[in-house]
Number of protein chains: 2
Amino acid sequence: MNETKERILFIALKFFLSKPFTEVTMSEILKESGMSKGGFYHHFDSKEALYCEVVNKYLIGSLMTDIEKFSTTKLTLSFAEAMPMYLGSIFRLAGEKLKELDLKPEDVNLYNIMFDMMKYYKGFDDILNKFHEDEINMLKSLIEKSIETGELRKDIDSLSLANHIHALMHGISVLSVLDENIETINDRIQELFNGLYRLVKA
Amino acid sequence: MNETKERILFIALKFFLSKPFTEVTMSEILKESGMSKGGFYHHFDSKEALYCEVVNKYLIGSLMTDIEKFSTTKLTLSFAEAMPMYLGSIFRLAGEKLKELDLKPEDVNLYNIMFDMMKYYKGFDDILNKFHEDEINMLKSLIEKSIETGELRKDIDSLSLANHIHALMHGISVLSVLDENIETINDRIQELFNGLYRLVKA
DNA sequence: ATCTGCAAACCGGGGTGTCGGTCTTTAATA
DNA sequence: TATTAAAGACCGACACCCCGGTTTGCAGAT
């Protein structure tokens, strides 16, 4: 792909991560990339097309690889080990990527981004559903294994607990956005997980 | 208060519930209310002032009364009775209010609304924090009472479980928005709560 | 006569996208 | 290798529209 185009995509990424689609203006993207309007529209059909390419290149792809990365390593770990690692790794990964972009976590509203993708990126609902399914299946199989090894209570319904943890994660995540203190998210996760673990361990 | 002003406030409410602040235009509010710009700006200083009055009148107030309504009735109920009632009542109440406004639940994004209030309604962060605190305290005292009566396990940390349930609620809620199937939210809540109850009951 | 409530026309600014034209690189041909 | 044609990258002014907000004037009640 063209080098200029890639530079524009990268710069646009920052803006689309830090503001809703409608509040990002072409002017600021062009100013930042030192490019003219004419130059830009030579490469892209529209602002929305730019958005879709950004999402495609930077967001969709990494969503996929991240979950795969975890699902291959989980099998050797116990529930007590894997769980905090899983919970933490998501946010650590996100944090690293934001650092590369010189963005502070508190300037990025994950849910605004997802809502935007729902609106402007066709088929995102399917992708998201599949992503959630994968996450839950992963949790489910981890739970089942941990029941077999005797780590967790025998009377636990694995699917139910998987859904529970999944929802809990999103709850912590969205509350952190609302509270505007993303930094403490890892502590909160750890604490809530410990409480849950006390309830489910054998 | 003026009758015209109230009509504008009510119409504006619908728009602010169904779209982000920046995407709501004065033109559509004026068109819907059959009013001219001059007329509008006779009553309000700005679009933002309108927004704040709408939030003040319709959203902040009901947020307060709802939680009070519940906190006065909870004392006579067991955990198993109070919990689903509490969880369900929030969404039932919201549903009723949306019906009055001819809005479908799937057209309203609760978190978009909250993020907007964070941006444009001064002091909303404090209000929200207090609201969350109240919710958690309410849950906490319910849990403590239920531990005393022997309904719940003695080894449960009440604050930890309260936080847990609170986060879980928001998780279910935000996932329902993302999945775009708000209708099933009550079933999901019921199911996840049942799973949790099995873990915490004595 | 004055004040209230409102309508209509208007304003500046900023939004996305277009268009004619220029410069640069590449490719083909003699 | 020198010349020429075509393609690609880019510029900047401008068109057009719609935004929130202002100004002016007028009808009717007090």
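Order of the sequence lines sets the chain letters (A, B, ...), proteins ahead of strands, with each chain counted from 1.
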Q.
Using a 6.0 Å distance limit plus a 45 degree cone around the ring axis, check whether A/K47 lies over the aromatic ring of A/F21.
A. yes
Q) Given atom OH of A/Y51 and atom P of C/dT16, what is their separation to the nearest angstrom? A) 15 Å
Q: Would you kindly compare A/V24 and A/G39 by the position of their nearest DNA chain C nucleotide and give the one closer to the 5′ end?
A: A/V24
**Q.** Under 4.0 angstrom between B/T25 side-chain N/O and D/dC18 OP1 or OP2
**A.** no
**Q.** Base D/dG12 to side chain A/K37, donor-acceptor N/O within 3.5 Å cut-off
**A.** no
Q.
Using the side-chain heavy atoms of A/N2, tell me which of these nucleotides is nearest: C/dG17, D/dA9, C/dG15.
A. D/dA9
Q) Is any side-chain nitrogen or oxygen of A/H42 closer than 4.0 Å to OP1 or OP2 of D/dA9? A) yes
Q.
For A/F40 and B/M35, find the nucleotide of DNA chain C closest to each by heavy atoms; which residue's nucleotide sits nearer the 5' end?
A. B/M35
Q) So, are B/K140 and B/E133 salt-bridged, with charged N and O less than 4.0 Å apart? A) no
(Q) Taking only side-chain N and O atoms of B/T4, does any of them lie within less than 4.0 angstrom of OP1 or OP2 on C/dC6? (A) yes
Q. Rounded to the Å, how far apart are A/K47 NZ and C/dT18 P?
A. 15 Å
Q: Let me know the distance between CD of B/E28 and P of D/dC18, rounded to the nearest Å.
A: 13 Å
Q. A/L30 has an atom CG; how far is it from atom P of D/dA13, in whole Å?
A. 14 Å
Q. Quick one: are B/M117 and B/I127 in side-chain contact, heavy atoms under 4.5 Å?
A. no
Q. Between atom CD1 in B/I29 and atom C1' in D/dC18, what is the gap in whole Å?
A. 15 Å
Q.
Nearest whole Å is fine: how far is D/dC11 C1' from A/K31 NZ?
A. 18 Å
Q | Protein-nucleotide distance (A/D45, atom CG; C/dT16, atom P), rounded to Å | A | 16 Å
Q.
If the cut-off is 4.0 Å, is B/Y41 near the phosphate of D/dG21, judged by side-chain N/O to OP1 or OP2?
A. yes
Q: Whole angstrom is fine here: how far is it from CD in A/E48 over to P in C/dG15?
A: 17 Å
(Q) From the set D/dG21, C/dC6, C/dG15, return the single nucleotide nearest to any side-chain atom of A/S27. (A) C/dG15
Q. Between D/dG20, C/dT16, D/dC10, which nucleotide has the shortest distance from any of its atoms to the side chain of A/M26?
A. C/dT16
(Q) For B/Y121, run the side-chain contact (heavy atoms from CB on, under 4.5 Å) check against B/L59, B/V54, B/I60, B/D116 and tell me which one passes. (A) B/I60
Q. Can you check whether A/H43 has a side-chain N or O nearer than 4.0 Å to OP1 or OP2 of D/dC10?
A. yes
Q | SB check B/E28 B/K19 (cutoff 4.0 Å) | A | yes
